[in-house]
Amino acid sequence: MSLLIKNGRIIDPKSAYDQIADLLVEGDKIVKIGPNLTAPKAEVIDATGLVVAPGLIDVHVHFREPGQTHKETIHTGAKAAAAGGFTTVVMMANTQPILSEAGVLKETLALAQKEAIHIKAVGSITQAFDGSNLTDFEALLEAGAVGFSDDGIPLTNAGVLRQALQKALKTNSLLSIHEEDPNLIGTLGVNDGEVAHQCGFTGAPTVSEYSMLARDAMIAYETGARLHLQHLSAGESVELVRFAKKLGAKITGEVTPQHFSITEQAVLEQGTNAKLNPPLRRQTDIEKIILGLQDGTIDIIATDHAPHTHEEKAVALQQAPSGMIGLETSLQLGLTHLVAPKHLTLMELLQKMTTNPADLYQFDAGYLAENGPADIVLFDSENDYQVAETFDSKATNSPFINQKVRGQVKYTICNGKIVYTQK
Ligand SMILES: O=C1C[C@@H](C(=O)O)NC(=O)N1
């Protein structure tokens with residue numbers, strides 16, 4: 001089957017291409033990009049006024065299957081991803097059971113393969129997240145793991161992290177880690193600041209993140225292994241990543257849209273839907289995150305899509321699970337809070353959602369080129385709309401419901417097939 005996308009603004013961050021042109025897809029490949037293309041038998045999409053970009057890549061999602069399919073399944077997660085313009089995602093290992101064994105990982109990836117988008121997964125770093133015994137990296141890589149993470153459960157033992165990094169170096173693989181020292185935290189998910197104190201408890205202070213990050217960045221530096229630092233929330237963390245990169249550490253940094261869009265104040269307005277680990281911080285942290293995005297200290301924007309049910313979230317702040325969904329609002333929050341105020345260009349935003357995440361895992365994705373994969377998103381980058389109350393995700397735990405945002409995904413194409421059309 002062929003598909004002809006006409007008159008779109010084609011943006012490819014990898015080649016820095018930004019022009020109004022046409023793009024022809026045959027089978028699962030892009031065969032031609034240029035002006036005035038014709039293909040008499042092709043299905044035509046009129047992309048006038050739309051941006052045509054590589055399908056987005058999210059290196060940090062929680063799809064709850066196996067084990068917690070009341071929150072999300074691989075199928076509903078894949079639908080949410082396609083609705084958000086994503087064609088490749090990386091699942092975290094905190095399923096039930098945890099992705100510590102090759103057998104469980106293989107079964108999970110077999111389910112994932114039935115979906116219309118590309119779903120990859122990491123294996124856990126330690127067995128069942130016990131924080132001390134490393135998994136069999138070779139067996140998990142053989143079973144299809146793209147890297148390793150104990151995301152959600154920080155590695156408190158520096159010796160274990162060092163061993164894991166040495167093993168990652170030996171197996172040429174990547175560790176991606178969550179930095180929050182539990183020994184410095186009262187209640188998880190809310191910044192230890194104005195809002196937590198107003199609510200009468202001790203929250204999660206920024207030092208729990210940046211102290212652990214400083215330690216781990218230096219261990220990465222010493223081992224020479226690659227280390228990816230997930231969802232940075234504190235201004236100091238950005239400064240430390242900048243310093244460690246300058247020193248020569250092979251580290252990369254990620255932020256989520258929620259951490260650059262809203263502050264801890266959202267907890268007062270949105271309650272448990274604004275609770276997540278690491279928590280929302282202050283405006284001063286957002287300012288440093290933006291500087292980090294601008295100067296390349298922060299390489300990647302990822303969602304940390306973390307579905308929980310309405311019932312699970314409808315409890316007191318201190319008891320509620322942490323996390324928010326993000327796949328269906330991510331591009332929009334980037335357009336609203338980074339591109340519209342001119343902190344980043346559209347090309348720079350897309351680089352952090354396509355080329356850079358593809359490079360992190362060496363995926364053959366995240367670019368538009370002749371002979372390249374036909375994984376494409378078409379979106380309106382200008383129109384404002386209100387985020388709906390329901391999503392393609394099974395969950396609705398988003399603090400952005402009913403908020404005005406900019407940009408709307410119109411079509412998502414994966415493997416040359418239309419996998420999402422805006423209703
Ligand atoms: O690291 C994590 C894990 C996630 C989840 O719910 O799985 N929720 C969070 O808020 N942070």
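One-based numbering, in listed order, for ligands and for the atoms of each.
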Do any nitrogen or oxygen atoms of Gly323 lie less than 3.5 angstrom from nitrogen or oxygen atoms of ligand 1? yes
Is any N or O atom of Asn94, backbone or side chain, closer than 3.5 Å to an N or O atom of ligand 1? yes
Do Lys167 and Phe137 form a cation-pi contact, if we require the NZ or CZ to be under 6.0 Å from the six-membered ring centre and within 45 degrees of the ring's axis? yes
Is the Lys NZ or Arg CZ of Lys120 less than 6.0 Å from the centre of Phe363's six-membered ring, within 45° of the axis? yes
With a 3.5 Å cut-off and no angle check, do the side chains of Gln127 and Ser100 form a donor-acceptor pair? no
Can you see whether His343 engages Glu348 through a side-chain donor-acceptor pair at a distance of less than 3.5 angstrom? no
Interfacing atoms of ligand 1 (cut-off 4.0 Å, heavy-atom, [X]):
X	result
Asp304	11 (N)
Asp151	1 (O)
Gly152	1 (O)

the protein heavy atom lying closest to atom 10 (O) of ligand 1 turns out to be Asn277 N, 2.8 Å
Can you establish whether the number of heavy atoms outside Lys29 located under 6.0 Å from its atom NZ is more than 12? yes
Under 4.0 Å, counting heavy atoms only: does Gln230 come that close to any atom of ligand 1? no
When every non-hydrogen atom of Gly416 is compared with those of Leu3, the smallest separation belongs to O-CD2, 4.0 Å
